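Note that the structure is predicted; figures quoted are calculated from it, not measured. Numbers here simply count residues along the sequence, with the first being 1. Only heavy atoms go into these numbers, but all of them, side chains included; no hydrogens, no water, no symmetry mates.
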Amino acid sequence: MQMLMPEPQIFVERTLALIKPDVIDKEEEIEDLILRSGFLIIQKRKLQLSPEQCSNFYADQYGKLFFPNLTAYMSSGPLVAMVLARHCAVSYWKELLGPSNSIRARRTHPHSLRAIYGTDDLRNALHGSLSISSAEREIRFMFPEVILEPIPAGQNARDYLNLYVKPTLLSGLTALCKEKPADPMPLKAKIQEETTLCSRTPSFGAVKQREQVEKRPDEDRRVPLLCKLGFSCLCLPLFLQH
């Protein structure tokens with residue numbers, strides 16, 4: 001019976017979440033809701049912003065009537081900044097937050113976080129990035145040490161692997177195959193261990209049988225060398241196909 005392995009999850013999108021000063025006492029409760037909603041908390045810090053820092057963070061709101069009250073509110077006490085990750089993190093976090101006006105959120109989205117924890121349009125408990133680009137800017141603001149780089153996917157990822165990873169891997173494996181070990185005893189024990197594993201693995205037995213029949217010189221050299229390097233024999237048929 002073949003065991004089905006779960007597909008690996010790669011979180012390629014991140015967003016910024018802020019627990020604002022008036023609900024800082026609900027930090028653990030809110031974090032638990034975040035985790036149960038499928039997010040990972042990649043980074044977290046507690047800090048208090050000055051009015052000037054708040055003005056820089058909300059620079060896109062500068063000139064609006066509520067701007068002085070907003071900066072005063074956000075600098076009134078400590079807050080918690082978090083980097084959240086999951087598939088479509090920005091849109092899912094905005095959906096979980098609900099409308100920015102907590103009064104309206106209680107009417108239209110009563111189960112949203114701002115409806116539950118917020119007070120009004122200004123004191124709405126939580127912040128979320130509006131877009132991927134604003135998330136990158138806000139994460140850099142709150143976590144200046146973070147390195148944000150685009151993660152290749154699809155054809156771009158395959159091109160990157162073919163151009164950079166595979167040649168380096170092949171070069172390294174070739175160099176290791178040519179290297180003579182200084183102390184052969186640990187290597188001998190490793191070879192014996194791998195040989196025992198190989199003898200119990202049907203897929204490797206098929207490879208050995210093919211070697212005996214066809215006697216391919218290249219494969220005859222690669223199989224024992226890879227075993228010496230510590231490769232599990234379960235992976236050898238995949239390696240020999242390339």
- Item | is_close_aromatic(H127, F57), centroid dist under 6.0 Å | yes
- Item | Pairwise distance CG(L40) to CG(L35) - rounded to 0.5 angstrom | 7.5 Å
- Find out whether K94 and T15 are in side-chain contact, i.e. whether some heavy atom of one side chain is under 4.5 Å from a heavy atom of the other. no
- Look at the side-chain heavy atoms of Ile, Leu, Val, Met, Phe, Trp and Tyr, link any pair under 4.5 Å apart, and say whether V80 and L96 land in one connected group. yes
- Item | Greater than 12 external heavy atoms within 6.0 Å of L65's CG | no
- State, to 0.1 Å, how close Q53 and F141 come at their nearest heavy-atom pair, and which atoms those are. O-CZ, 3.3 Å
- Item | Ion pair check, K46 and E27, cut-off under 4.0 Å | yes
- Mind checking whether I42 and L47 sit in one hydrophobic cluster, side chains of I, L, V, M, F, W, Y counted as touching below 4.5 Å? yes
- Partners meeting salt bridge (charged side-chain N to carboxylate O under 4.0 Å, His left out) with E31 (sequence neighbours left out): K44
- Where do G98 and S112 come nearest, in terms of heavy atoms and distance? CA-CB, 3.7 Å
- Do any N or O atoms from the side chain of N124 and from the backbone of S100 form a donor-acceptor pair under 3.5 angstrom? yes
- Not counting sequence neighbours, which residues clear ring-ring contact (aromatic ring centres under 6.0 Å, His included) with Y117? List them please. none
- Task: Decide yes or no for E13 and V90: does some side-chain heavy atom of the first lie under 4.5 Å from some side-chain heavy atom of the second?
- Result: yes
- Without swapping roles, check the side chain of S102 against the backbone of D121 for a donor-acceptor pair under 3.5 Å. no
- Any chain of hydrophobic side-chain contacts (each under 4.5 Å) joining F39 to I41? yes
- Query: Step by step, would you call L18 with M142 a side chain to side chain contact (heavy atoms under 4.5 Å, CB included)?
  - Reply: CA-CA 10 Å; L18 296 180; M142 293 293 176; 4.0 Å; yes
- Decide whether E95 and H109 meet the rule of one side-chain donor and one side-chain acceptor closer than 3.5 Å. no
- Message: Quick check: do R137 and R140 have side-chain heavy atoms less than 4.5 Å from each other?
- Response: no
- Message: To the nearest 0.5 Å, what is the distance between OG on S76 and CG on N69?
- Response: 11.5 Å
- Query: Out of curiosity, K26 NZ to I30 CD1, how far, rounded to the nearest 0.5 Å?
  - Reply: 8.5 Å
- Query: Atom CG in L113, atom CD in E29: separation rounded to 0.5 Å?
  - Reply: 10.0 Å
- Item | Straight-line distance of R14 CZ to I132 CD1, nearest 0.5 Å | 11.5 Å
- Group every Ile, Leu, Val, Met, Phe, Trp and Tyr by side-chain heavy-atom contacts under 4.5 Å, then state whether L97 and L122 land in the same group. no
- Task: For the residue pair L70 and M74, establish whether any side-chain heavy-atom pair is separated by less than 4.5 Å.
- Result: yes
- Item | Heavy-atom side-chain proximity of L126 to I19 below 4.5 angstrom | yes
- Item | Cluster check Y62, L130: I/L/V/M/F/W/Y, side chain < 4.5 angstrom | no
- Item | OH on Y58 to CZ on F67, rounded to 0.5 Å | 10.0 Å
- Does one side chain, of T168 or S171, offer a donor that lies under 3.5 Å from an acceptor on the other? no
- Message: Is there a side-chain contact between S50 and S75 in this structure, where contact means two heavy atoms from C-beta onward sitting under 4.5 Å apart?
- Response: no
- Query: Is any side-chain heavy atom of F143 less than 4.5 Å from a side-chain heavy atom of L16?
  - Reply: yes
- Are the side chains of E145 and Q43 in touch, meaning some heavy atoms are under 4.5 Å apart? yes
- Item | Test: R86 cationic atom under 6.0 Å from Y92 six-membered ring centre, within 45° of axis | yes
